[in-house]
Amino acid sequence: MELRLYNTLTRAKDAFRPLDAANVRLYVCGPTVYDLAHIGNARPVIVFDVLFRLLRRTYGAGAVTYVRNITDVDDKINARAAERGIAIRALTEETHDWFRADVAALGCLPPTIEPRATDHIAEMRQLIERLVASGHAYVAEEHVLFHVPAMADYGRLSKRPLDEMIAGARVDVAPYKRDAMDFVLWKPSAQGVPGWPSPCGIATPGRPGWHIECSAMSWRHLGETFDIHGGGIDLVFPHHENEIAQSRCAFGTALMAQVWMHNGFLTLEGEKMSKSLGNFVTIRDLLAEWPGEVLRFAMLATHYRQPINWTRQGLGFAAKTLDKWYRIVGDEPAEAGEGNPFEAEIAGRLGDDLNSPSAITHLHHLADVAEDVDASSALKRRFKGAANLLGLLPETETAWRARQAIAVAVDSAEVERLIAARIAARKARDFATADQIREQLVAQGVVLMDNKDGTTSWEVSR
């Protein structure tokens, strides 16, 4: 099977040839751990989990290294810890645990390595000192900045004109910058903010910029150059562009990663998800209503590079499909491996730039084959094995039925009272109270249907 992947760097769908077939290396930008992950955060996790599964099938489970980092040093983390009055490490441990539990419920395999940024400060300092020594970075007023004009082909990934890059980077105007596009590699830490001994002889303790974190962690665990780097389309510029600049200039390489893959944006019922609109939905909110496998199916029904409109209708269709498929396979085990022609067909469709909609369409056909009155147990096992490649049908029908949510009896008057209180809190811009009320309702099995005009209706979860 030939694997072809769309490469943001070349703007083409190219045949994938790993640098070393015995050590295929994948890096994906992970979460900044300060709060519950929202459903948009789930998309790259699910997409690159499918890629991880496909690479393992193609090259062998032991031949693939998948690194997904944890960003645990960030101004948002500092602010949230101060707001909650807890230690930063306590906050990041708690939210990291939430994230791992949520993505496990989505059926995602754990990555091979899940490095934390704060465990790689030494590597960050080494990279920064290399960049200063080579003339690609400089020290100014206790900051270290990457000098963008020192890299001749900066902007190759995003292919944006200079004025667009300046606007997109939300350039910080600072008198110590040599060029408006220069970005921070290291900055001083004020009292009460996490800090480490600074590089380049700077006396004041400091902390890293965001971009250098991923360059350091990918270097440590995958090397100077590796196979695939993934993330959301929003990371192309400036994050991934700056990662490339740092890593290539530090090591003198032509590439950081051979292939750059990016998933598209997610909207919710046709609107951009936003706390200000009251339609901000976390993975955990949805898991209170739907099995994680339903969320996974709904996510994979759209090709990863296309925008996805996340809807209740799509979730309902996913749930009904999985009900049917589990009824077909019953408690049969899955047949996996090269001997399963159904799995080989699904692998071939995924091999065309992770074409999960095509794979799901074919699974519908295979389900009809396996549902036939004359279908053997072997056909059912093969169908289940094919679905497993997408992370679907991982359990038995008995287990699936046991997971189905049970409707909860609620006091309608109390629900209406809480909804009115939530609407009042949102009008007063007291979003913390509004979120608390929503969580209280979710805990009772009540799901709110919101749009930009407010809560339109509610129902008890299935």
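All residue numbers refer to positions in the sequence shown, counting from 1.
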Beyond-backbone contact of Leu5 with Asp14, side-chain heavy atoms, under 4.5 angstrom: no
Residue list, side-chain contact (heavy atoms from CB on, under 4.5 Å) with Ala140, at least two apart or on another chain: Tyr138, Leu145, Tyr176
Residues Asp35 and Arg80 bridged, charged N to O under 4.0 Å: yes
Note, Leu106 side chain near Val45 side chain (heavy atom, < 4.5 Å): no
Any residue meeting side-chain contact (heavy atoms from CB on, under 4.5 Å) with Ala203, in chain and number order, not counting sequence neighbours: none
Value rounded to 0.5 Å, distance of CG in Asn242 from CD1 in Ile212: 10.0 Å
Enclosure of Gln313 CD (heavy-atom neighbours >12, cutoff 6.0 Å): no
Main-chain N/O of Thr65 paired with Thr112 side-chain donor or acceptor, under 3.5 Å: no
Residues Asp74 and Thr71: side-chain donor-acceptor under 3.5 angstrom: no
Cation-pi geometry met for Arg56 and Phe52 (6.0 Å, 45°): yes
Backbone N/O of Leu185 and side chain of Gln246: donor-acceptor pair under 3.5 Å: no
Pair listing, ring-ring contact (aromatic ring centres under 6.0 Å, His included) test, anchored in residues 78-132, at least two apart: His120-His221
side-chain hydrogen bond (donor to acceptor under 3.5 Å, both in side chains) against Arg100, all qualifying residues, sequence neighbours excluded: Asp97
Pairs involving residues 193-221, ordered by first then second residue, that meet salt bridge (Lys or Arg N to Asp or Glu O under 4.0 Å) (sequence neighbours left out): Asp75-Arg207, Glu123-Arg220
Within residues 137-156 or reaching into it, pairs that qualify as salt bridge (Lys or Arg N to Asp or Glu O under 4.0 Å) - sequence neighbours excluded: Asp153-Arg248
NZ/NE/NH1/NH2 to OD/OE distance under 4.0 Å, Arg25 and Asp20: no
Spacing of Leu26 atom CG and Ile228 atom CD1 [to the nearest 0.5 Å]: 5.5 Å
Minimum heavy-atom distance between Asp102 and Arg284, given as atom pair plus value: OD1-NH2, 2.9 Å
Backbone N/O of Leu393 and side chain of Asn388: donor-acceptor pair under 3.5 Å: yes
Enumerate donor-acceptor pairs with a distance under 3.5 Å from any side-chain N or O in residues 232-240 to protein atoms, sequence neighbours excluded.
| from | atom 1 | to | atom 2 | distance (Å) |
| --- | --- | --- | --- | --- |
| His239 | ND1 | His211 | ND1 | 3.0 |
| His239 | NE2 | Glu243 | OE2 | 3.1 |
| His240 | ND1 | His262 | NE2 | 2.8 |

Main-chain N/O of Ala63 paired with Asn23 side-chain donor or acceptor, under 3.5 Å: no
Met1 to Thr58 - nearest heavy-atom pair and separation: CE-OG1, 3.5 Å
Salt bridge (Lys or Arg N to Asp or Glu O under 4.0 Å) pairs, two or more places apart, involving residues 107-121: Arg68-Glu114, Asp72-Arg116, Glu93-Arg116
Partners passing side-chain contact (heavy atoms from CB on, under 4.5 Å) against Pro307 (at least two apart in sequence or in another chain): none
Criterion side-chain contact (heavy atoms from CB on, under 4.5 Å) on Val259 and Phe16, from CA distance to verdict: CA-CA 8 Å; Val259 180; Phe16 176 64; 4.1 Å; yes
Backbone N/O of Ala12 and side chain of Asn7: donor-acceptor pair under 3.5 Å: no
Nearest non-hydrogen partners of His147 and Asp179, listed with the distance: CE1-CB, 4.0 Å
Stepwise salt bridge (charged side-chain N to carboxylate O under 4.0 Å, His left out) check, Lys13 with Asp352: CA-CA 9 Å; Lys13 189 161 61 176; Asp352 180 18; 2.7 Å; yes
Over 12 foreign heavy atoms within 6.0 Å of CZ, Arg429: no
Min side-chain heavy-atom separation Arg53-Leu109 under 4.5 Å: yes
Pairs under 3.5 angstrom only: tabulate donor-acceptor contacts from the side chains of residues 194-202 to other protein residues two or more places apart or in another chain.
| from | atom 1 | to | atom 2 | distance (Å) |
| --- | --- | --- | --- | --- |
| Ser198 | OG | Trp186 | NE1 | 2.8 |
| Ser198 | OG | Thr204 | O | 2.5 |
| Ser198 | OG | Gly206 | N | 3.3 |

Whether Lys272 side chain and Thr267 backbone form a donor-acceptor pair below 3.5 Å: no
Flag, side chain of Asn309 to backbone of Gly270, donor-acceptor distance under 3.5 Å: yes
Polar side chain donor-acceptor pair, Thr253 to Glu224, under 3.5 angstrom: no
Over all atoms of both residues, closest heavy-atom pair of Ala298 and Gly314: CB-O, 4.3 Å
Asp182 versus Lys177, closest heavy-atom pair with distance: O-NZ, 2.9 Å
Sidechain-backbone polar pair: Ser247 side chain, Ile244 backbone, donor-acceptor under 3.5 Å: no
Donor-acceptor contact present, side-chain Ser358 to main-chain Asn355, <3.5 Å: no
For Gln191, side-chain contact (heavy atoms from CB on, under 4.5 Å) partners two or more places apart: none
Euclidean distance, Ile308 CD1 relative to Asn263 CG, rounded to 0.5 Å: 9.5 Å
Leu287 side, atom CG; Glu289 side, atom CD - distance, nearest 0.5 Å: 10.5 Å
Atom pair CG/CD1 of Leu418 and Ile423 - distance to nearest 0.5 Å: 11.0 Å
Within 6.0 angstrom of Lys76 NZ, more than 12 heavy atoms from elsewhere: no
Salt bridge (Lys or Arg N to Asp or Glu O under 4.0 Å) contacts in which one or both residues fall within residues 295-308, not counting sequence neighbours: Asp49-Arg296, Arg305-Asp353
Distance (rounded to the nearest 0.5 Å) between Cys249 SG and Arg130 CZ: 12.5 Å
Test item: Asp430 side-chain N/O and Thr433 main-chain N/O as donor-acceptor pair under 3.5 Å: yes
